[in-house]
Protein chains: 4
Amino acid sequence: MNPLTRSDHLFGPLFSDADTEDLWSTQRFIREFTQFESALAGALADVGVVSRDVADKAMTDIGTFSPDLAEIRKQVSVDGLPVPDFVRQLKAHVSAEALPAIHKGATSQDLIDTSVSLILRDVSERLTEGLVAVCLALEALDRQWGETPMMGRTRMQAALPITVHDRLVTWLMPLQSHLAQLPKLRPRVEILQFGGPVGNRAGLGNNGNAVAAALARRLNLAEEARAWHVTRSNLGDYANWLSSVTASLGKMGQDLALMAQQGVNEVRFSGGGTSSAMPHKLNPVLAETLVSLARFNATQMSLIHGAMIHEQERSGIAWTTEWMTLPAMVTASTIALKHASSVLQNIESLGSRPD
Amino acid sequence: MNPLTRSDHLFGPLFSDADTEDLWSTQRFIREFTQFESALAGALADVGVVSRDVADKAMTDIGTFSPDLAEIRKQVSVDGLPVPDFVRQLKAHVSAEALPAIHKGATSQDLIDTSVSLILRDVSERLTEGLVAVCLALEALDRQWGETPMMGRTRMQAALPITVHDRLVTWLMPLQSHLAQLPKLRPRVEILQFGGPVGNRAGLGNNGNAVAAALARRLNLAEEARAWHVTRSNLGDYANWLSSVTASLGKMGQDLALMAQQGVNEVRFSGGGTSSAMPHKLNPVLAETLVSLARFNATQMSLIHGAMIHEQERSGIAWTTEWMTLPAMVTASTIALKHASSVLQNIESLGSRPD
Amino acid sequence: MNPLTRSDHLFGPLFSDADTEDLWSTQRFIREFTQFESALAGALADVGVVSRDVADKAMTDIGTFSPDLAEIRKQVSVDGLPVPDFVRQLKAHVSAEALPAIHKGATSQDLIDTSVSLILRDVSERLTEGLVAVCLALEALDRQWGETPMMGRTRMQAALPITVHDRLVTWLMPLQSHLAQLPKLRPRVEILQFGGPVGNRAGLGNNGNAVAAALARRLNLAEEARAWHVTRSNLGDYANWLSSVTASLGKMGQDLALMAQQGVNEVRFSGGGTSSAMPHKLNPVLAETLVSLARFNATQMSLIHGAMIHEQERSGIAWTTEWMTLPAMVTASTIALKHASSVLQNIESLGSRPD
Amino acid sequence: MNPLTRSDHLFGPLFSDADTEDLWSTQRFIREFTQFESALAGALADVGVVSRDVADKAMTDIGTFSPDLAEIRKQVSVDGLPVPDFVRQLKAHVSAEALPAIHKGATSQDLIDTSVSLILRDVSERLTEGLVAVCLALEALDRQWGETPMMGRTRMQAALPITVHDRLVTWLMPLQSHLAQLPKLRPRVEILQFGGPVGNRAGLGNNGNAVAAALARRLNLAEEARAWHVTRSNLGDYANWLSSVTASLGKMGQDLALMAQQGVNEVRFSGGGTSSAMPHKLNPVLAETLVSLARFNATQMSLIHGAMIHEQERSGIAWTTEWMTLPAMVTASTIALKHASSVLQNIESLGSRPD
């Protein structure tokens with residue numbers, strides 16, 4: 001779906017950036033799958049399910065594994081997901097003595113969900129940086145323009161005079177609140193997924209929970225008493241947080257587009273979009289894009305909440321829907337923060353000025 | 001919009017219940033508006049903006065105020081909200097010496113948002129009760145049927161045997177998690193709204209924050225350093241929580257409808273829907289309704305997140321959209337919990353049984 | 001869900017009107033259910049399934065039937081829908097000789113869906129009137145103000161001068177297009193539902209299609225070769241049309257709110273919302289409400305399309321979801337047209353004017 | 001947003017196919033932009049706005065134009081869209097005497113929207129092929145298995161026996177209806193966009209409509225009396241049609257997943273997804289994916305309808321939102337048809353069978 005990717009030269013830069021795409025790339029998932037299998041081998045030995053030698057051999061062999069991606073790609077439409085062929089190839093690659101430590105007690109969803117957890121850790125780091133940058137930019141603008149008067153407007157009508165500070169604080173406060181919420185949220189999504197075929201870790205007999213604990217330790221992830229194969233509300237909370245971030249940026253973008261209107265003149269930008277027909281115009285395009293990205297994420301919330309209704313022990317329908325949604329929401333959020341920083345850096349003046 | 005209200009005899013009982021409608025009724029809002037104005041008069045005296053005598057007179061007069069609802073109703077389409085006429089009537093009702101303590105430093109949004117905060121307090125109490133009841137019912141079923149075998153199913157296919165306990169725990173765990181999250185969330189929505197016309201409490205000069213603090217104390221609400229007229233993410237978080245609750249119940253409902261299938265036979269109900277044409281059928285209608293309610297709330301998430309993009313100091317568009325959404329989501333959540341309890345109470349057996 | 005109904009005095013008038021609620025009332029559905037059963041009795045005789053005497057007796061008895069609504073209400077939560085108890089009561093009411101002509105070959109969904117078809121006929125009439133009124137108002141404004149200059153604005157920036165006519169035509173054209181589309185759409189929703197328990201009219205043997213044809217004739221509805229129990233795209237098309245109407249009105253409302261800004265001054269209203277704190281303000285509240293209603297309908301599109309995925313022969317989940325959505329969308333559409341007419345009538349001048 | 005593109009090896013094949021991505025590629029848009037400018041030059045001469053010589057020179061020069069994509073890409077974030085830099089480069093490329101025929105009377109939106117119209121022509125061809133293929137497959141299955149008995153199921157409960165034909169017809173009928181609707185819809189989206197900066201064709205004086213007509217003729221597109229810069233309901237109708245197609249396929253997918261359940265056994269597949277942990281399983285993954293794709297499109301309807309609210313003469317916010325939505329919906333639709341064909345081809349038997 002071309003327009004939303006960096007490979008698209010014509011629209012892509014509005015919606016995507018290379019760093020974020022790398023987070024969700026084939027290479028990244030393969031690295032996480034491999035890391036999972038390696039850590040699992042180690043964890044199995046930690047608990048004594050396999051010998052340390054078997055685990056070491058497995059980890060060594062996994063270290064030299066480079067899957068045939070074209071083959072995986074071919075199987076995805078058949079299996080509905082890439083793990084079965086990845087595991088088949090991995091089992092064919094490792095030496096016979098390593099086999100007892102490969103994928104033992106695990107299922108496809110364990111690998112994919114854990115990979116998502118590990119990716120979201122990086123996402124949260126990146127979003128924190130982006131949020132901090134926007135907050136700093138807002139604080140700098142406040143120092144420079146905070147005392148300048150401007151018109152307070154309600155229901156799109158001039159109401160009473162305020163200062164630029166009054167307006168800026170309505171942009172800053174929610175972002176600071178999002179920054180404060182994130183550390184509470186992260187432990188609920190940076191969490192091991194490990195349940196085996198039907199989520200009860202039964203494939204490892206009584207060792208299920210111990211292996212899960214050892215595996216979580218090795219991956220530096222939190223762990224829950226059970227698999228969360230069908231319990232997706234933590235991911236829903238994360239999506240809710242993402243969409244709150246873009247909504248707050250969208251409010252700022254909407255305000256800036258309104259402030260840039262002739263007759264209002266409460267912001268002046270140094271750069272800005274040109275027009276193919278009207279070279280005199282300076283369109284606040286990135287401010288507008290913040291609104292579009294906010295609405296995009298807002299709408300995907302409906303999909304991510306709908307996808308919480310996982311039936312039975314594992315749902316193909318709901319899980320597949322999640323894949324269509326969460327990476328897109330993350331990307332919309334990171335690019336929105338990037339655009340927000342650009343927009344704020346281009347501000348030359350804020351507040352009412354004689355025109 | 002008839003089918004969703006208790007006044008509808010034909011569809012209403014599926015979607016609404018009297019208790020929840022009362023929470024959002026005209027009477028309730030009038031009570032909260034009145035309480036707000038009374039507490040504000042007291043708070044103005046607490047801080048010394050008006051004398052205690054003036055405040056006492058105001059509170060006494062407010063106590064005898066009974067607005068002309070038909071007149072308010074007539075003005076709503078003109079003003080876009082009921083507060084201006086409510087305040088006009090109130091000012092006409094109170095004695096002249098009380099006037100300085102009426103609505104001073106406040107704006108319509110202060111009354112309505114604070115009323116919503118106070119209503120949500122009751123909503124949270126009610127939802128807590130409902131969640132506890134469902135959890136207890138699940139625990140009772142677990143004690144009775146937990147060890148019974150049933151088939152674990154993934155991607156709608158038989159996978160490996162599990163026990164009824166394994167399934168029940170996937171219904172119970174998320175509900176317990178929602179119960180644990182709610183107390184952290186409540187202080188962020190049970191919060192005073194007080195900002196005045198453009199949100200900066202400027203109408204009270206230097207006393208703005210002190211009056212806000214006193215008012216919050218009198219209403220037993222939390223308080224923020226500023227008005228949150230355009231900062232709606234706390235309400236968004238609450239909506240997210242509501243929709244997570246209904247999604248978790250929707251998963252249970254979907255599972256039960258699948259378990260009730262002939263050929264699967266993993267649940268037997270004592271009651272259940274009859275058919276106008278097939279008296280032999282026992283339809284799992286309330287289980288199905290749980291899925292419908294979950295999808296309803298999931299979809300409204302898009303609206304509530306879209307409505308976070310409040311422009312300028314106060315947004316008519318976004319705020320109005322919120323009114324269309326939040327009460328509906330609350331109602332869907334309370335009725336879903338009620339239906340969930342009914343469904344669980346009607347379970348006669350769980351787990352595989354010879355057919 | 002109080003705020004959206006006329007019984008709510010504080011918010012209701014923004015979102016609902018009495019006429020539209022009556023279309024979806026208990027009384028209306030009972031009337032349609034009764035009409036359906038009566039027409040079915042007649043149709044059974046038309047085809048010779050029952051004798052004319054039996055049919056006449058049935059129609060006479062049905063004519064004196066007045067169901068116990070409280071009892072139906074009680075059964076709705078059990079059955080998931082009101083028809084089983086309605087039919088039970090009806091069968092108890094009619095004389096024994098009439099029984100063979102009661103509900104024969106029909107199922108609950110036949111009654112409810114056909115009632116919706118009949119209600120939508122009135123809805124379409126009403127919406128046509130509303131659209132025509134708005135178009136006439138726009139044409140009148142065009143005659144009065146069309147040649148007045150105003151600024152053309154793109155990406156929220158002044159672009160090049162246009163006339164008021166240029167702007168008005170962007171409001172008028174889509175409404176005229178919606179008016180032109182409706183007659184093509186109506187025959188696809190004003191259509192008999194008749195399929196019996198599993199949709200294949202098998203309960204009437206070889207007479208199924210003939211009875212359907214006779215029944216459609218008596219109800220003055222179109223007829224399809226088969227039941228459309230699980231084929232909901234015609235209703236989806238109707239919802240799409242409704243939401244297109246409100247989107248077009250929302251564009252007009254958004255434009256008017258932007259035109260009413262100080263510094264832009266391209267519209268002056270005679271009435272308009274007052275503020276509880278700022279009596280000098282004239283808020284364009286109904287223009288704003290048009291945007292809110294447009295977003296509401298836009299969001300429900302997701303629900304109505306999701307509800308198209310009816311499983312098997314009849315789906316409780318999807319159908320129930322439809323009930324939560326379609327009447328609400330209709331109501332939002334009729335009230336939006338009403339608000340649009342009010343807004344346009346209040347316009348005192350259009351176009352740029354010296355301030 | 002990696003998982004939804006063909007460049008993703010792990011998830012991409014479920015959601016995208018190369019042919020559809022090519023329809024929305026950089027190369028395709030550049031080709032259409034170029035074609036537009038060339039046809040515009042010709043149209044200007046057709047009407048006499050420029051001489052035939054100038055037009056011929058322009059068309060020759062345009063024919064040798066190959067834009068610097070990296071440069072366009074750099075400007076997109078500044079301009080908000082790729083056209084201004086494309087036109088700048090084009091003007092720099094052509095000879096001086098050709099300049100009067102380049103981009104005259106046009107604006108960015110004219111190029112992009114017209115390109116979308118031309119792309120949708122191909123999309124409609126492809127979707128027609130896909131729909132016909134699925135219909136043929138269903139008819140073949142009906143011939144083979146139509147008379148086999150199976151259980152009719154309503155509200156997820158066994159109701160009364162039906163035949164496989166009864167079920168197949170509920171899959172086939174809506175697809176045939178979509179096929180019948182498309183030819184009526186296509187002329188409303190395969191339509192020239194030509195309005196100039198503020199949509200009124202004023203840049204060409206009295207020649208605006210004549211140039212538009214000539215341009216439409218050269219591009220073999222329909223033409224409207226005015227630009228539809230802010231009138232997006234035709235695109236909304238197309239999106240509605242797309243989502244109706246995927247909803248119909250989603251119903252089929254949902255049914256197949258239910259039929260494939262052990263204990264129901266009403267379909268047997270020859271292929272099907274394997275599991276990384278349970279090699280004995282044959283998961284109906286593509287049937288499930290049909291449901292996911294249907295829900296995806298259903299949700300995007302909310303975004304596309306929200307994006308109909310274009311403010312003023314041209315909206316950056318709404319238009320940008322459209323770009324995020326429409327290509328994704330098209331892709332979901334084409335891949336859904338592809339998966340549907342695969343699923344149906346893998347069916348080995350339909351109907352009840354002794355287990």
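Predicted, not measured: the structure shown is a model, and the values here were computed from it. Values below: all heavy atoms of this structure, side chains included; hydrogens, waters and symmetry mates excluded. Lettering of chains follows the sequences in order, A, B, ..., and the numbering in each one begins at 1.
Rounded to the nearest 0.5 angstrom, A:I309 CD1 and B:R295 CZ are separated by 5.5 Å. One finds the CE atom of A:M156 at 8.0 Å from the OG atom of B:S315 (value rounded to the nearest 0.5 Å). A:D166 contributes atom CG, which lies 11.5 Å from atom CZ of B:R201 (distance to the nearest 0.5 angstrom). Distance check: A:K251 NZ to B:T231 OG1 gives 7.5 Å after rounding to the nearest 0.5 Å.
The candidate from B:K184, B:R226, B:M252 with the greatest count of non-hydrogen atom pairs under 4.5 Å with chain A is B:R226. Among the candidates B:P174, B:P161, B:S177, the residue making the largest number of heavy-atom pairs closer than 4.5 Å to chain A is B:P174. The greatest number of non-hydrogen atom pairs below 4.5 Å with chain A, out of B:V169, B:T163, B:I317, is found for B:V169. Taking B:M308, B:R188, B:M173 one by one and counting their heavy-atom pairs under 4.5 Å with chain A, the maximum is reached by B:R188. Per-residue heavy-atom pair counts under 4.5 Å with chain B were compared for A:S248, A:A307, A:G316, and the maximum is reached by A:G316. Ranked by non-hydrogen atom pairs under 4.5 Å with chain B, the options A:N200, A:L303, A:V291, A:T170 are led by A:N200.
Both the backbone and the side chain of A:E311 come within contact range of chain B, each with at least one heavy atom under 4.5 Å from a heavy atom of that chain. Contacts between B:Q181 and chain A at a heavy-atom distance below 4.5 Å involve the side chain alone, from C-beta outward. Using a 4.5 Å cut-off between heavy atoms, A:N297 does not touch chain B at all. Of the two parts of A:E224, only the side chain, counted from C-beta on, holds a non-hydrogen atom closer than 4.5 Å to a non-hydrogen atom of chain B. Only the backbone of A:M151 comes within less than 4.5 Å of a heavy atom of chain B; no side-chain atom from C-beta onward does. Heavy-atom distances place no part of B:H229 under 4.5 Å from chain A, backbone and side chain included. For B:R232, no part lies under 4.5 angstrom from a heavy atom of chain A. Contact of A:A257 with chain B is not made at all, since no heavy-atom distance falls under 4.5 Å. Heavy atoms of A:S243 lying under 4.5 Å from chain B belong to its backbone as well as its side chain.
Listed for the A:D255 side chain is a donor-acceptor partner under 3.5 Å among the backbone atoms of B:Q312.
Between B:E313 and the choices A:R167, A:R155, A:R153, the salt bridge (charged side-chain N to carboxylate O under 4.0 Å, His left out) rule is met once, by A:R167.
In this structure, the side chains of B:T154 and A:P197 stay at 4.5 Å or more apart for every pair of heavy atoms.
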Decide side chain to side chain contact (heavy atoms under 4.5 Å, CB included) for B:I304 and A:M301; before the verdict, give the C-alpha distance in whole Å, the side-chain angles of both, and the deciding distance to 0.1 Å. CA-CA 10 Å; B:I304 207 99; A:M301 283 306 292; over 6 Å; no
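Closest approach of A:A298 and B:G306 over heavy atoms only: CB-N, 3.5 Å. Considering all non-hydrogen atoms of both residues, A:V198 and B:A159 come closest at CG1-CB, 3.6 Å.
Under a cut-off of 6.0 angstrom, the local environment of CD in B:E147 is sparse, with at most 12 non-hydrogen atoms contributed by other residues, nucleotides or ligands.
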